[in-house]
Amino acid sequence: MKELKRYLSYIGKYKISYWSIFIGTLITSVILTLLYPYMNKLMFNALEYRDWDLWKRAAVLCVLLVVMNCLSPYRRYFQIRVVRKIVFDIKIRMFEKLMKLDMDYYERHHSGEALKTLNWDANSLKDSYFSHIYWVAARLVNGVTSTIAMLIYSPVLAMVSIGFCLVTVLVSIQINKQIKRMDKEIEGKMARLTARLSDILSGFAALKMFRGASIVLDFFQRENEQVTGEEKRRVKKLASLEMVSFFLGILGSFGTIGVGAFLAAHGRLDYGTVMAVVSLQMGVSAMVQSYGSALATFSASLVKGGRVFDFLELECEEAEPKHDSAVVPCMDCMPVEVEQVTFSYCDGTEVLKDFSIAVGEKEKIMIMGESGCGKSTLLKLLLRFYKQSAGSIRLYGQDIGEYSTWQLRQLITYIPQNSYLFEGSVRENIAFGYCGAGAVSDAQIRSAARSAYAEEFIMLLPQGYDTLLSAGGRNLSGGQRQRIAIARAFLRDTPILLMDEPSSALDVESEEKIRQAMEELTRRKVVIMVTHRKEAFGAVDRVVRL
C-alpha cells in the first residue's frame, strides 16, 4: 500500500486528468459488468415466456453495449496520452536528479545501475500507470460488483461462488508473497548484470588485444545464468498460481451451474436469473483466475517503480538558484585555508588525516606524492564533491559549507586529468565553461581558444569552430581535448584554479603547448596543481608533498 501511494504521489500536474480517466474507466467497467448478465436474463426469459416486450428491452441493451464497446478505444487513447506525459515528466526529473547528485553517490554506485533505473525501470512505469493499476483495480471492482449483483439475483448461488473465490484468493495471496520476494532479487541481480556489461564494454579494446573475450564471456554467462535461474523459478511459481486459480475457478463455475439447474428444475428460480448469475459467476471466476497473476505483475511493477522513486528521493546537492547573489571575494582574507582536515572513503580507507595548508593571493603551489596519498581527493574536497570527516575548509575567510553550490562554482575552475567533451560543436564545448552574466559572445570564445593555443588546430578542422565533436571528443587527440578544456578555463576566469595532472599521457609537442597555455592561464590566480612531474610546468611558489 505504501508503494502504491508513492506511485500516485508522482502523478503531479496530471492528477485531475489521470483520476478522471481512471474513475471513468471503473464506472464504464461496472456498467458493462451489470448490463451483460441483465441482458442475458431478459433474452432467456423472453424465450421462456415468449414475451415481445422483453425482446425489445434486450435489443436496446444490446445496442447500448455495442456503442459503449466501440467508444472504449477513444478512452484508451486519452489514457495513453496522459500516462506518457506522466512518465516523460518523471524521466526528466530523474535526469535532473542525476545531474544534482553529489560525488558520493557515484563513488558508491555503478553507473550501470543508474542507467538501468533511468531506462528500463522508468519505462516500466508506462505499463504500471497504463495497465497494471487499472487492471488490478478494475478486476477488484468488477468482482465486488458481480458479487453484490449475484446476492441480489440469488443468495444461494452467490454463496456457492463466493466460497470458491475465497479459497482461491487465500492461496493467491500466499503464493504472491513469494513471487514479490523473487522480483526484488531479480531486479537487484539485473542491476548488477547491467553494471558488469558496462564494465566489459568500456574495456573492449583491451579485451580484443589480450584475447580476454573467452574469460569475460564465461564470467558474463555465469552472471546471466543466475538471473535466468531466478526468472525460471519466478515463472514456475507464477504458473502454479495460475493453475490453482484456474482449477478453483472451474470448480466454482460447475458448482454454480449445478446448483442453479437444481433450483430452476424445482421452480425456485427462472432460467433467466440462473443465466444472469452464471454470467456474473464466470466474470468473478475470470477475475479470481487472473487476479493472482495480475497481482504478481503489479507487484513486479511496484518493485521497479520503487527503484525509480528511491532514486528520485535521494539526497543531493542544493539546487542551483536562478538569482543567487554574486560572490565578492574578500581580498584581505586568505584565499584557501585547509585546517586539520581528515577524510575517509565509505569503505573506511583514510586518505587524509589532520592535513592543513594555506594558499595566499596569486600563489601557485604544486602538490606531489605517491598514488593514493590523497592529492586528487584534496581538490575534490575543495570543490565540495566530498565532505570532510573533520576539520574545516575556508575560501576567502568563509567556510566552504556556507557558499551555495552556484557561488562555489563562481570561485573555482577545475581542470581534471581527462577533460570531458560532449557531443556538439567546438564552439559549444568551449562556451560550456562560461559562468558570467548574459550570453557568451563569439569574440570571447575565440579569445579563450587563442589563449589556450587551441585556435591553430581548430581552424584546421573541417568546419572550424562549428566542427561537431563525438561524445568524449574521440575525434580529437588527447592534447587537443586538453587545450579545449584550458580554453574553457580561460573563458570561465575564476580567481581559484585547480588542476589534476593536466599534462599526463601527452606527447612532447602537446605538453609544450599546454605548458605555454598554463603559464598564461595561471597568471594573477590562486593555483593548486596536482602532478607527478614537476618539470612539466614552469616555476611555482611552493611544492607540498603528501
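Throughout, numbering of the chain's residues begins at 1 and tracks the sequence. As the structure is a computational prediction, the values presented were derived from the model and not from experiment.
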Residues forming a side chain to side chain donor-acceptor pair (under 3.5 Å) with [X], sequence neighbours excluded:
{"X": "T494", "value": "T413"}
{"X": "S356", "value": "Q340"}
{"X": "S17", "value": "none"}

Keeping the roles fixed (side chain from [X], backbone from [Y]), state whether a donor-acceptor pair exists under 3.5 Å.
{"X": "Y403", "Y": "L395", "answer": "yes"}
{"X": "K97", "Y": "L312", "answer": "yes"}
{"X": "D500", "Y": "K375", "answer": "no"}
{"X": "D541", "Y": "I365", "answer": "no"}

For [X], side chain to side chain contact (heavy atoms under 4.5 Å, CB included) partners two or more places apart:
{"X": "Q388", "result": "V341, L381, I393"}
{"X": "K353", "result": "T342, E350"}
{"X": "E370", "result": "none"}
{"X": "L460", "result": "none"}

To the nearest 0.5 Å, what is the distance between [atom1] on [X] and [atom2] on [Y]?
{"X": "E337", "Y": "D399", "atom1": "CD", "atom2": "CG", "answer": "10.5 Å"}
{"X": "I458", "Y": "Y453", "atom1": "CD1", "atom2": "OH", "answer": "14.5 Å"}
{"X": "E361", "Y": "R524", "atom1": "CD", "atom2": "CZ", "answer": "11.5 Å"}
{"X": "Q398", "Y": "L408", "atom1": "CD", "atom2": "CG", "answer": "10.0 Å"}
{"X": "K91", "Y": "D89", "atom1": "NZ", "atom2": "CG", "answer": "12.0 Å"}
{"X": "L476", "Y": "S470", "atom1": "CG", "atom2": "OG", "answer": "7.5 Å"}

Heavy-atom pair of closest approach, residues [X] and [Y]:
{"X": "I484", "Y": "L421", "value": "CG2-CD2, 3.8 Å"}
{"X": "F343", "Y": "T377", "value": "CD2-CG2, 3.4 Å"}
{"X": "A452", "Y": "A487", "value": "CB-N, 3.5 Å"}
{"X": "V359", "Y": "M334", "value": "O-SD, 3.3 Å"}
{"X": "I415", "Y": "A489", "value": "CD1-CB, 3.8 Å"}
{"X": "C333", "Y": "G397", "value": "CB-N, 3.8 Å"}

### Query
Should the heavy atoms of other residues, nucleotides or ligands under 6.0 Å from CD of E423 be counted, would the total exceed 12?
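Result for CD/E423: open.
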### Query
Quick check: are there more than 12 heavy atoms from other residues, nucleotides or ligands sitting under 6.0 Å from CZ of R542?
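Counting neighbours around CZ of R542, more than 12 heavy atoms of other residues, nucleotides or ligands fall under 6.0 Å, so yes.
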Any [X] side-chain heavy atom under 4.5 Å of [Y] side chain:
{"X": "F78", "Y": "V82", "answer": "no"}
{"X": "S447", "Y": "Q444", "answer": "no"}
{"X": "I528", "Y": "L497", "answer": "no"}
{"X": "Y396", "Y": "I496", "answer": "yes"}
{"X": "F457", "Y": "S477", "answer": "no"}

### Message
Classify the ring geometry of Y414 against F385: parallel below 30°, tilted from 30° to 60°, perpendicular beyond 60°.
### Response
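Y414 vs F385 ring planes: perpendicular.
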For [X], check salt bridge (charged side-chain N to carboxylate O under 4.0 Å, His left out) against everything at least two apart and list the hits.
{"X": "K364", "answer": "none"}
{"X": "R450", "answer": "E455"}
{"X": "R81", "answer": "none"}
{"X": "E339", "answer": "R394"}

### Query
Between I367 and V543, is a side chain to side chain contact (heavy atoms under 4.5 Å, CB included) present by the stated rule, with each step listed?
CA-CA 6 Å; I367 299 178; V543 175; over 6 Å; no
Quick one: side chains of residues 424-432, donor-acceptor pairs under 3.5 Å with protein atoms, not counting sequence neighbours, listed by atom name and distance.
{"unit_1": "S425", "atom_1": "OG", "unit_2": "E428", "atom_2": "N", "d": "3.1"}
{"unit_1": "S425", "atom_1": "OG", "unit_2": "E428", "atom_2": "OE1", "d": "3.4"}
{"unit_1": "R427", "atom_1": "NE", "unit_2": "D442", "atom_2": "OD1", "d": "2.8"}
{"unit_1": "R427", "atom_1": "NH1", "unit_2": "D466", "atom_2": "OD1", "d": "2.4"}
{"unit_1": "R427", "atom_1": "NH2", "unit_2": "D442", "atom_2": "OD1", "d": "3.0"}
{"unit_1": "E428", "atom_1": "OE1", "unit_2": "S425", "atom_2": "N", "d": "3.0"}
{"unit_1": "N429", "atom_1": "OD1", "unit_2": "F422", "atom_2": "N", "d": "3.0"}
{"unit_1": "N429", "atom_1": "OD1", "unit_2": "R488", "atom_2": "NH2", "d": "3.1"}
{"unit_1": "N429", "atom_1": "ND2", "unit_2": "F422", "atom_2": "O", "d": "3.2"}
{"unit_1": "N429", "atom_1": "ND2", "unit_2": "S425", "atom_2": "O", "d": "3.0"}

### Task
Applying side chain to side chain contact (heavy atoms under 4.5 Å, CB included), run through V338 and L382 and close with a yes or a no.
CA-CA 9 Å; V338 178; L382 292 171; 4.1 Å; yes
### Query
Where do L546 and F355 land on the side chain to side chain contact (heavy atoms under 4.5 Å, CB included) test, with the steps shown first?
CA-CA 9 Å; L546 290 180; F355 178 77; 3.1 Å; yes
### Query
Can you check salt bridge (Lys or Arg N to Asp or Glu O under 4.0 Å) on K525 and D493, steps first, answer last?
CA-CA 9 Å; K525 293 184 185 296; D493 194 25; 2.8 Å; yes
### Task
For V336 and E363, run side chain to side chain contact (heavy atoms under 4.5 Å, CB included): C-alpha distance rounded to whole Å, both residues' side-chain angles, the deciding distance at 0.1 Å, then the answer.
CA-CA 10 Å; V336 179; E363 187 177 9; over 6 Å; no
